[in-house]
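Report on the structure given below.
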Amino acid sequence: MSDEAAMGLSEKAEPPVKQPAEAKRAPALESPAMRIAREFCEDRLAVLGLVLFLAIAAIAILAPWITPQNPYDLAQLDIMDGGLPPGSESFATGGTYWLGTDEQGRDMLSAIAYGLRISLLVATVSLAFAIAIGVAAGTTAAYLGGKVDTLIMRVVDLQLSFPSILIALILLALFGRGIDKVIIALIIVQWAYYARTVRSSAIVETRKDYIDAARCLALSHRRIMFRHLLPNCVPPLIVVGTVQIAQAIALEATLSFLGVGVPITEPSLGLLIANGYDYLLSGRYWVSIFPGIALVATIIAINLVGDRLRDVLNPRLQT
Amino acid sequence: MNVRPALLIASLVAATSLTPAMAADLSIGLKSEPTSMDPQFHNLATNAQVLENIFEGLTKQDAVQRLQPGLASKWEASDDTTWRFTLRDGVKFQNGSPLTARDVIYTLCRVPLVQNSPSPFTIYTGAISDVTAEGDDVVVVKTASANPLLPTDMASLPIVSADALGAEKTVTYKPDGKCKGMGDVPQSPAFNSPDIAVGTGPYKLDSFVRGSKLVLTKFDGYWGEAPAWDTVTMRPISSAGPRVAALLSGDVDMIESPPIQDIPRIEGAGFKIIDALSNRIIYLHLYQQDEKAPSITGTNGKNPLLDKRVREAISLSINRKAIVDRIMGGYAKAAGELLPPPMFGTNGREPDGYDPEKAKQLLAEAGYPDGFGITLGTPNDRYINDEKVAQAIAQMLTRIGIKTKVDAVTASQFFSRRNKLEFPIYLAGWGASTGEMSSPLKSLVATYDKETGMGPTNAGRYSNPAMDKILTEAMSTIDDTKREDLLKKAEQMVLDDYGIIPLHYEQTVWAMKKGLSYEPRVDQYTIAAEVKPASE
């Protein structure tokens with residue numbers, strides 16, 4: 001029966017992503033990963049989002065090698081090149097500023113690439129740590145139950161009752177500026193979402209027979225939690241993760257826009273937008289608009305991917 | 001076709017003649033908001049310009065900083081250390097009690113009792129040895145040594161109401177906060193209540209909501225010219241863009257420091273622009289207290305800023321002209337002194353030239369051929385384009401090898417961190433409230449001494465005993481010519497030593513509706529009470 005199948009799977013310690021309903025429907029030769037890939041590609045918009053995201057990620061990762069200027073190296077900036085419109089030539093180096101410069105003489109094209117780099121770095125690093133903490137807390141709460149569960153979940157409730165921007169602002173007001181501090185703030189803000197998600201799916205799984213079977217085999221709690229229970233909670237985690245990564249990028253941009261995020265000499269997209277904001281009325285649109293487009297494109301791309309993943313991974317939406 | 005222009009003119013005439021009656025309310029968009037409603041809490045232009053509507057001093061300064069009678073109708077020096085102030089007749093506080101010598105004594109007594117002041121007013125009262133009343137109308141102020149600037153200092157010491165603050169019937173002056181009869185002295189937060197913030201000015205406090213708005217209402221019993229507005233609303237709009245937008249959309253009638261880059265657009269939209277060179281010097285201060293400078297890297301624990309050659313290198317690395325042209329849009333003047341010449345006590349020293357090669361050479365001579373790392377602190381909402389100037393300076397310093405990070409924070413955070421000496425180098429500004437050289441010297445570069453109130457804003461802790469001596473002498477010289485010579489000498493010593501690095505003098509700009517007029521002030525203050533409906 002399906003219970004035995006589940007037990008058998010977990011015994012082998014393979015990630016048993018397969019749900020009973022899918023098992024019936026999917027052809028025997030298709031692995032879960034292939035099924036997900038196939039279904040994902042059925043939505044063209046999602047594929048477009050993925051391609052866009054990969055392109056953005058490539059620009060971000062390769063920024064130091066492909067940009068004409070290192071916008072964070074103050075020695076490479078020259079205020080005599082400040083405020084030039086897109087397509088202008090540099091007085092200092094003779095190069096062309098395709099997207100113009102800000103008032104410090106920062107090449108907007110390079111600044112956007114580096115800004116994307118910070119946005120993605122902050123988002124992925126904080127995502128990884130927040131997932132690790134959230135998953136540990138969530139599985140522990142679900143598996144152990146009782147007082148531990150109550151304690152962890154009340155902390156989560158407490159934190160989720162405040163808007164994340166508020167918590168992040170308070171933390172950064174205490175810590176001061178800096179990329180590392182933004183990351184810490186984002187981890188603290190985000191772990192609760194994962195803890196909650198993991199706990200709810202883990203609680204369902206804990207009641208299933210394969211966990212009882214594992215307990216009967218006298219496996220250690222840790223082994224049961226992380227080798228048997230956790231793999232069954234992954235799909236919702238992926239969905240929440242993609243939504244949260246976009247959120248993290250937006251949150252970092254907001255914090256930097258408000259002037260509490262990254263240092264002003266190392267602007268991220270949010271700070272670039274904030275800097276350009278001063279010049280919007282005077283017609284220097286490029287300082288604000290281009291980083292804004294980059295930010296919006298990144299968030300939309302991730303959301304498109306996330307939306308589709310949610311559909312693909314949600315057994316209830318499959319008929 | 002003939003009817004229309006006539007109609008237009010008629011309606012214009014009607015509109016202008018109606019303006020004074022209609023425009024009984026004034027709203028102003030300010031760049032930053034006061035840190036307190038207590039006029040003795042923070043010696044800061046942001047506070048003074050707002051509080052001057054509510055409180056007045058014995059003397060006051062006009063738009064070009066000439067001294068005028070305020071609450072004292074006249075004053076005289078009876079000898080080198082004694083000043084007699086005669087109080088103006090018929091002045092009433094906003095709570096109805098009349099102004100007497102007791103209020104003046106109470107005011108001077110309270111200054112040292114204000115707790116946690118980030119920039120204390122003791123700088124003006126430190127030298128006062130005794131204050132006595134002769135009847136209700138005459139106040140006699142004695143100073144420990146001759147102080148030619150006492151009447152000028154009085155303009156910065158607004159008189160508070162002894163009754164409103166709960167003083168006893170008689171207040172007796174003793175120096176250093178040991179006065180008798182003070183009662184329970186309210187601290188600064190209490191001044192958010194209109195019952196405590198009681199002055200003699202043309203407007204009284206209605207409400208102050210931090211971060212949102214400050215509302216003043218007309219004081220009908222004002223002794224001087226009747227106030228022009230029924231209510232004055234001041235809103236802090238620290239971002240330049242929204243401030244301009246607020247003006248353009250009619251949310252506010254007037255704004256201070258519109259961004260230089262937006263001026264053509266504001267004028268194009270039919271608003272009035274007023275500007276003038278100010279007495280405000282924007283400077284860099286360098287940590288020179290000891291070897292333990294904060295946030296300096298790559299020097300093996302030494303403080304390079306103690307070396308005069310390094311300080312000179314920093315000054316020579318800065319392209320002041322480029323900053324004025326590019327960052328300040330021409331609305332500033334490169335500075336070589338602490339006050340723009342020809343103000344009292346200036347030398348006419350030229351701004352340091354831009355010479356990065358010599359700067360590098362000086363760094364190498366000082367033993368830092370590869371430079372070092374440093375953090376430049378700056379407020380980001382206090383001075384015109386402050387954080388942009390700081391970034392430009394970081395660029396220029398980095399180019400000679402001093403790898404500079406910029407730590408830009410809002411003004412309130414900046415001032416408290418600066419006073420804790422958290423920055424090895426910081427950008428700030430000083431507007432000489434007295435309009436002469438002793439003000440910047442005494443505040444910014446005189447050796448820090450809490451007791452005497454010297455060097456209160458010297459958060460670089462520069463110390464030059466020889467200069468202190470000349471400055472002290474100047475400050476007790478009543479003869480103007482002699483005093484000016486001494487001040488010139490003292491300033492020259494500091495600048496030759498690169499104890500402080502002048503950057504530029506700000507040019508102040510205001511934008512307002514066509515129907516308003518304002519005389520631009522050298523001290524950069526935006527004083528609501530001096531905004532008048534434009535006369536035809």
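Here is the naming used below: chain letters follow the sequence lines, and residue numbers restart at 1 for every chain.
Going from atom CG of A/Asp78 over to atom CZ of B/Arg326 covers 9.0 Å, rounded to the nearest 0.5 Å. Remark: A/Ile264 CD1 to B/Asp407 CG distance equals 8.5 Å, nearest 0.5 Å. One distance of note links CG of B/Asp325 with CE of A/Met80; it measures 6.5 Å at 0.5 Å rounding. If you take CZ on A/Arg284 and CG on B/Asp262, they are separated by 10.0 Å, rounding to the nearest 0.5 Å. In this structure, B/Lys405 NZ and A/Leu74 CG are separated by 11.0 Å, a value rounded to the nearest 0.5 Å.
Chosen from B/Arg243, B/Gln413, B/Lys388, the residue pairing most often with chain A at heavy-atom distances under 4.5 Å is B/Lys388. Each of B/Ala390, B/Ala240, B/Ala322 has some count of heavy-atom pairs under 4.5 Å with chain A, and the biggest count is that of B/Ala322. Note: B/Ala394 leads B/Pro259, B/Gly241, B/Ala394 in heavy-atom pairs under 4.5 Å with chain A.
A side-chain donor-acceptor contact under 3.5 Å links A/Arg106 and B/Gln391.
Using a 4.5 Å cut-off between heavy atoms, B/Pro242 touches chain A through its side chain atoms alone. Heavy-atom distances place both the backbone and the side chain of B/Ile323 under 4.5 Å from chain A. Looking at A/Asp102, neither its backbone nor its side chain comes within 4.5 Å of chain B, counting heavy atoms on both sides.
Across B/Ile327 and A/Gln104, no two heavy atoms sit closer than the pair CD1-NE2, 4.1 Å.
A 6.0 Å sphere centred on NZ of B/Lys403 holds more than 12 heavy atoms belonging to other residues, nucleotides or ligands. Enclosure of atom CZ in A/Phe162 is not indicated, since only 12 or fewer non-hydrogen atoms of other residues, nucleotides or ligands lie within 6.0 angstrom. For A/Tyr277, the OH atom sits in a loose shell: 12 or fewer heavy atoms of surrounding residues, nucleotides or ligands are nearer than 6.0 Å. Environment of CZ in A/Phe129: sparse, with no more than 12 heavy atoms of neighbouring residues, nucleotides or ligands closer than 6.0 Å.
Between B/Met396 and A/Ile79, some side-chain heavy-atom pair lies under the 4.5 Å cut-off.
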